[in-house]
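Please read all numbers here as calculations on a predicted model, not as lab measurements.
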Amino acid sequence: MGHSAAVCDHRASFELTKDWNGIEQVELRNPQGASARVSLYGGQVLSWRNERGEELLFTSSKSIFKSPKAMRGGISICFPQFGNCGSPDQNGFARNKIWTIENNPPPLHPNDSVGKSFVDLLLKPAEEDLKCWPHSFELRLRVALASDGNLILISRARNINGKPFSFSFSYHTHFSVSDISEVRVEGLETLDYLDNLCQKERFTEQGDAITFESEVDRVYLSSPQCVAVLDHEKKRTYVIRKEGLPDIVVWNPWEKKSKAMADFGDEEYKQMVCVAGAAIENKITLKPREEWTGRIELAAVPSSFCTDFLDPHLNFF
């Protein structure tokens, strides 16, 4: 498949391996020792570690990582839908398909390549996909690990159909936390949200931060470019910076739902929170030959350093 060409062209610390199902995975590393691991099954990021080797993403110990099931955790690509609507596949079929490594993708801005270890993946619809969602597309994904350890995901969806189509999208990101009761999500105060526990009824956030005392399953609308997840026990803050993704999903299944999920440990809800950049309320519509780009950059920093990261006037991209 020419994987070695991808390595040389990208000048990346890049290793290709196979998992226990024989599915190829890409390991990205930076000179400081940070790493990320990406599966070609679903284009899913399975691991993101800092320079000390600490895992920053949650993956369930009971995950079922075998087709047609996506692994519970990491960062999964939800396309062309999110949730139980619009297609037979909950959260879309992209996360349940084998992607290919693309050696010569259409170019991105040089800033998205210089000083980064990265891999480019491509998904095109198979015949079975066109039966349930009859639109021809190309979905590209770049996963990049920067020299500072930040993780960047850039998706590009292109309409190669003869007619317009609309889709939803989410980077379903599961962060590893010490104790969910010690976690706050900041940056979403005063925003409207759709509560999936109340038939998507619309509410306005009243708190100065989101904290967790029971199940949470919400889509925050028209959210800012930058959102933070504060883990008080670890004194660590995850900073999520996004573009082309107006919404933010916040999810934690809590105790009752955790026990009902076969691929999730009964107590694992305490060690994770999902905070995901998304486009859900207003679907993205592409005319023939149009392309959409959405991206996130994730940073894990000491909580005392996060003030600068939340400055809305900083230009991250």
Side-chain angles (χ1 to χ4, degrees), residues 1-17 24-40 43-57 74-75 77 99-123 138-158 169 171 173 224-228 237-245 277 291-302 305-306 308-317:
M1 294 176 61
H3 295 157
S4 60
V7 177
C8 297
D9 291 346
H10 300 167
R11 299 179 181 178
S13 177
F14 176 126
E15 182 183 359
L16 200 59
T17 61
E24 289 179 312
Q25 298 183 336
V26 175
E27 185 93 19
L28 303 174
R29 298 187 185 90
N30 75 2
Q32 289 71 35
S35 66
R37 181 160 42 92
V38 189
S39 175
L40 268 62
Q44 187 166 359
V45 179
L46 303 178
S47 173
W48 172 38
R49 293 180 181 269
N50 61 19
E51 68 278 4
R52 294 180 297 280
E54 297 168 333
E55 181 59 63
L56 304 172
L57 296 178
I75 306 173
I77 306 299
W99 296 51
T100 58
I101 293 178
E102 188 173 28
N103 291 328
N104 296 296
L108 287 163
H109 191 279
N111 287 347
D112 294 319
S113 305
V114 175
K116 295 178 177 67
S117 171
F118 64 88
V119 63
D120 287 298
L121 303 181
L122 173 65
L123 180 68
E138 292 175 342
L139 181 59
R140 290 181 165 84
L141 172 67
R142 172 170 292 186
V143 181
L145 187 67
S147 59
D148 58 6
N150 288 5
L151 185 66
I152 301 118
L153 280 74
I154 306 170
S155 290
R156 292 181 285 173
R158 184 170 179 81
F169 187 94
Y171 288 117
T173 306
Q225 185 186 38
C226 193
V227 175
T237 296
Y238 296 108
V239 181
I240 305 152
R241 302 177 293 214
K242 60 188 179 67
E243 188 176 74
L245 299 162
E291 184 174 271
W292 164 86
T293 300
R295 59 184 291 157
I296 57 170
E297 181 171 351
L298 307 178
V301 300
F305 294 168
C306 76
D308 289 343
F309 285 88
L310 291 172
D311 186 340
H313 302 294
L314 289 180
N315 182 15
F316 299 113
F317 303 118

Using the test salt bridge (Lys or Arg N to Asp or Glu O under 4.0 Å), find all partners of D148 that sit at least two apart in sequence or belong to another chain. none
Tell me every residue that passes salt bridge (Lys or Arg N to Asp or Glu O under 4.0 Å) with R49, counting only those two or more places apart in sequence or in another chain. E55
Grab the two heavy atoms, one from [X] and one from [Y], that are nearest each other, plus how far apart they are.
X: L151; Y: A36; result: CD1-CB, 3.9 Å
X: S35; Y: R29; result: CB-CG, 4.2 Å
X: L56; Y: Y238; result: O-OH, 3.2 Å
X: L122; Y: E138; result: CD1-CB, 4.2 Å
X: R241; Y: A299; result: NH2-CB, 4.4 Å
X: A34; Y: L145; result: O-CD2, 3.4 Å

Under the side chain to side chain contact (heavy atoms under 4.5 Å, CB included) criterion, do T173 and I240 qualify, and how do the steps go? CA-CA 10 Å; T173 306; I240 305 152; over 6 Å; no
What do the steps show when you test T293 against I154 for side chain to side chain contact (heavy atoms under 4.5 Å, CB included), and what is the final call? CA-CA 7 Å; T293 300; I154 306 170; 3.9 Å; yes
Examine distances only and state if a side-chain atom of [X] and a backbone atom of [Y] form a donor-acceptor pair shorter than 3.5 Å.
X: K116; Y: N111; result: yes
X: W48; Y: G149; result: yes
X: R156; Y: P106; result: yes

Within the 4.5 Å heavy-atom criterion, are [X] and [Y] side-chain neighbours or not?
X: V38; Y: L46; value: no
X: D112; Y: F118; value: no
X: R295; Y: I152; value: yes

Straight-line distance of [X] [atom1] to [Y] [atom2], nearest 0.5 Å:
X: I296; Y: L153; atom1: CD1; atom2: CG; result: 5.0 Å
X: W292; Y: S155; atom1: CH2; atom2: OG; result: 5.5 Å
X: R142; Y: L108; atom1: CZ; atom2: CG; result: 4.5 Å
X: S117; Y: E27; atom1: OG; atom2: CD; result: 9.5 Å
X: T100; Y: E24; atom1: OG1; atom2: CD; result: 10.5 Å

Evaluate R37 against T17 for side chain to side chain donor-acceptor pair (under 3.5 Å), listing each step before the verdict. CA-CA 10 Å; R37 181 160 42 92; T17 61; over 6 Å; no
Derivation and outcome, side chain to side chain contact (heavy atoms under 4.5 Å, CB included), residues I75 and L298: CA-CA 11 Å; I75 306 173; L298 307 178; 3.8 Å; yes
Using side chain to side chain contact (heavy atoms under 4.5 Å, CB included), reason through L139 and W99 one step at a time and then give a plain yes or no. CA-CA 9 Å; L139 181 59; W99 296 51; 3.5 Å; yes
Taken in chain and number order and not counting sequence neighbours, the residues that satisfy side chain to side chain donor-acceptor pair (under 3.5 Å) with E54 are N50, R52, R236
